[in-house]
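Along the sequence shown, residues carry numbers from 1. In this text the structure is predicted, and so the values were computed from the model without any measurement.
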Amino acid sequence: MRISEASDRRGSAAHRERMLAGLSGRVIEVGAGNGRNFAHYPSTVVEVVAVEPDPYLRGHAERAAARASVPIRVVDGDAEHLPAEDAEFDAAVFSLVLCSVPDVDSALTEAWRVLRPGGEARFYEHVRDENLLLGGIQDLITPLWKRLGGGCHPNRDTETALRRAGFAVDSERFAFRPMAWLPPSAHILGTASKPEGR
């Protein structure tokens with residue numbers, strides 16, 4: 001909790017706010033963690049179903065949901081098997097989670113399934129750096145990092161994965177230092193749209 005609070009103070013909260021701006025209707029948040037996004041949902045959202053597999057984090061998310069200004073229901077589940085019907089949601093949200101799901105392609109296939117045609121996925125993630133040297137360093141440290149960091153893959157190419165899943169992607173890349181003791185790393189924030197009629 002202290003790490004995510006410190007990261008929010010350093011700028012993550014503002015990134016979350018931008019990621020969620022303009023959302024409306026029913027939203028599924030995949031890998032909700034401790035619920036740091038919940039305070040940033042706009043009033044045009046009528047319901048959030050927040051999926052979180054870890055019991056400890058789910059407990060924190062439930063407490064954050066009780067303080068939120070929009071209705072949020074926290075449920076058990078994982079990204080590769082979302083507890084939702086086909087085309088049930090207007091939007092899906094991924095926030096600092098696609099780095100750690102075991103199978104990113106399956107997770108995005110599931111997001112596609114539960115989104116209505118014309119729906120969108122919003123995302124804020126850290127990703128593989130486009131700089132060859134920095135990206136190579138991420139590749140080198142990933143085997144150890146994912147073992148120490150809860151399955152986190154710092155070299156995931158999230159934008160390519162979203163496009164591979166069929167989404168039309170509008171994104172921006174930026175360097176961000178979530179903690180003072182970490183070097184700046186590549187992040188991506190944007191919208192991935194599911195075309196109408198699909």
Tell me the closest heavy-atom pair linking [X] and [Y], and the distance in Å.
| X | Y | value |
| --- | --- | --- |
| Ala65 | Val74 | CB-CG2, 4.0 Å |
| Val48 | Val45 | CG2-CG1, 3.6 Å |
| Pro42 | Gly22 | CG-N, 4.3 Å |
| Pro53 | Asp78 | CB-CB, 4.5 Å |

Discussion item. If you count heavy atoms of other groups shown closer than 6.0 angstrom to CD of Glu85, is the number above 12?
Written reply: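 It does not: Glu85 CD has 12 such atoms or fewer within range.
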Given side chains that start at C-beta, do those of [X] and [Y] come closer than 4.5 Å, heavy atoms only?
| X | Y | result |
| --- | --- | --- |
| Arg156 | Glu125 | no |
| Glu5 | Asn34 | no |
| Val104 | Thr158 | no |
| His126 | Pro178 | no |
| Val93 | Leu23 | yes |
| Leu98 | Leu108 | yes |
| Met19 | Asn37 | yes |

Separation of [Y] [atom2] from [X] [atom1] (nearest 0.5 Å):
| X | Y | atom1 | atom2 | result |
| --- | --- | --- | --- | --- |
| Glu80 | Thr109 | CD | OG1 | 10.0 Å |
| Arg113 | Phe89 | CZ | CZ | 9.5 Å |
| Arg10 | His15 | CZ | NE2 | 10.5 Å |
| Glu110 | Asp86 | CD | CG | 8.5 Å |
| Ser95 | Glu29 | OG | CD | 6.5 Å |
| His60 | Glu62 | NE2 | CD | 11.0 Å |

Worksheet item: Glu88 and Ile28: side-chain contact (heavy atoms from CB on, under 4.5 Å), yes or no, with the steps?
Response: CA-CA 9 Å; Glu88 186 178 350; Ile28 185 165; over 6 Å; no
Worksheet item: Does one hydrophobic cluster hold both Ile72 and Tyr124, with members joined at side-chain heavy-atom distances below 4.5 Å?
Response: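 Linked, Ile72 and Tyr124 end up in one cluster.
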According to the interplanar angle, ranging from 0 to 90°, do the rings of [X] and [Y] count as parallel (below 30°), tilted (30 to 60°) or perpendicular (above 60°)?
| X | Y | result |
| --- | --- | --- |
| Phe167 | Trp112 | perpendicular |
| His187 | Phe176 | perpendicular |
| Tyr41 | Phe38 | tilted |

Item to complete: Identify the residue among Val127, Ile188, Leu189, Thr191 that makes a side chain to side chain contact (heavy atoms under 4.5 Å, CB included) with Ser171.
Response: Ile188
Discussion item. Under 3.5 Å, is there a donor on one side chain and an acceptor on the other for Thr44 and Ser24?
Written reply: no
Worksheet item: Is Arg26 salt-bridged to Asp90, going by a charged N under 4.0 Å from an acidic O?
Response: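 No, this pair does not count.
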Worksheet item: His40: what forms a ring pair (Phe, Tyr, Trp, His ring centres under 6.0 Å) with it, not counting sequence neighbours?
Response: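 With neighbours one apart ignored, the set is empty.
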